[in-house]
Amino acid sequence: MTRAWSLSMLFVLCGSVLAAGVLFRGAPGAAAVLLLLFGLLAGVHSPLVFPKSISAVEAQRRSAVDGRPIVFWRSGCKYCIRLRIRLGRGADRLHWVDIRRDPDGAAAVRAANDGSETVPTVVVAGRPHVNPDPRWVREQFVRSP
């Protein structure tokens, strides 16, 4: 769990140190902008941006019932963030599995990617797709019930 938040915490820490340095030099406006920028970076790289993660086993069970795709992801991955942002509100119609929190999810990704933990890996109808185009992913969940 701590590992999922480590990049976000690093952004907050670095932003705070930089903002404090700029503030002590007499530029409170620039310090506020820096703090805001690093806060936004921390938020985007945090697990909060993504829908609630479930286990790989639960995602596979749910996908078998409702036909929705499964997205294997990890925090801090710029391609996962890109996918999540481009999916917009529809992202909650997918089943999300954080491979840092779920060893079975990490194993499923390694099995699909010749031993590599390349994410995002999207599983549609039992077939894995590595770093697919967000438009294609959106089409897949629009087709699902």
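Keep in mind that what you see is a predicted model, and the values were worked out from it rather than measured. All residue numbers refer to positions in the sequence shown, counting from 1.
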Looking only at heavy atoms, which two atoms of [X] and [Y] are closest? And how far apart?
{"X": "Val97", "Y": "Ser53", "answer": "C-OG, 4.2 Å"}
{"X": "Gly88", "Y": "Arg84", "answer": "O-NH1, 2.8 Å"}
{"X": "Pro120", "Y": "Tyr79", "answer": "CD-CB, 3.6 Å"}
{"X": "Pro128", "Y": "Gly126", "answer": "CD-O, 3.7 Å"}

Is Ser63 reaching over with its side chain to a backbone N or O of Arg68, donor-acceptor style, under 3.5 angstrom? yes

Has Asp104 got a side-chain atom pairing as donor or acceptor with Ala56's backbone, closer than 3.5 angstrom? no

Got a second to check how far [X]'s [atom1] is from [Y]'s [atom2], nearest 0.5 Å?
{"X": "Leu94", "Y": "Leu83", "atom1": "CG", "atom2": "CG", "answer": "7.5 Å"}
{"X": "Ser55", "Y": "Arg61", "atom1": "OG", "atom2": "CZ", "answer": "9.0 Å"}
{"X": "Ile99", "Y": "Cys77", "atom1": "CD1", "atom2": "SG", "answer": "8.5 Å"}
{"X": "Ile70", "Y": "Ile54", "atom1": "CD1", "atom2": "CD1", "answer": "7.5 Å"}
{"X": "Asp133", "Y": "Arg82", "atom1": "CG", "atom2": "CZ", "answer": "6.0 Å"}

Non-neighbouring partners of [X] that pass side chain to side chain contact (heavy atoms under 4.5 Å, CB included), sequence neighbours left out:
{"X": "Val33", "answer": "none"}
{"X": "Ile85", "answer": "Ile81"}
{"X": "Leu36", "answer": "Leu40"}

Path from [X] to [Y] over hydrophobic side-chain contacts below 4.5 Å:
{"X": "Leu18", "Y": "Phe11", "value": "yes"}
{"X": "Val71", "Y": "Trp136", "value": "yes"}
{"X": "Val22", "Y": "Phe38", "value": "yes"}

Evaluate the ring planes of Trp96 and Trp73, with Trp represented by its six-membered ring, and classify them as parallel (under 30°), tilted (30 to 60°) or perpendicular (over 60°). perpendicular

Does some side-chain heavy atom of Asp66 sit less than 4.5 Å from a side-chain heavy atom of His95? yes

If you measure from the Lys or Arg side-chain nitrogens to the Asp or Glu carboxylate oxygens, is any gap between Asp98 and Arg100 under 4.0 Å? no

What residues form a side-chain hydrogen bond (donor to acceptor under 3.5 Å, both in side chains) with Arg86, not counting sequence neighbours?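 Scan of Arg86 (side-chain hydrogen bond (donor to acceptor under 3.5 Å, both in side chains), adjacent residues dropped) gives none.
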
Taking only residues two or more places apart in sequence, or in another chain, which ones meet Asn131 in a side-chain hydrogen bond (donor to acceptor under 3.5 Å, both in side chains)?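 In terms of side-chain hydrogen bond (donor to acceptor under 3.5 Å, both in side chains), with neighbours along the sequence ignored, Asn131 is linked to no residue.
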
Side-chain donor-acceptor contacts of residues 106-113 below 3.5 Å, not counting sequence neighbours, with atom names and distances?
unit_1: Arg110; atom_1: NH1; unit_2: Glu117; atom_2: OE2; d: 2.5
unit_1: Asn113; atom_1: ND2; unit_2: Val109; atom_2: O; d: 3.0
unit_1: Asn113; atom_1: ND2; unit_2: Thr118; atom_2: O; d: 3.3
unit_1: Asn113; atom_1: ND2; unit_2: Thr121; atom_2: OG1; d: 3.1

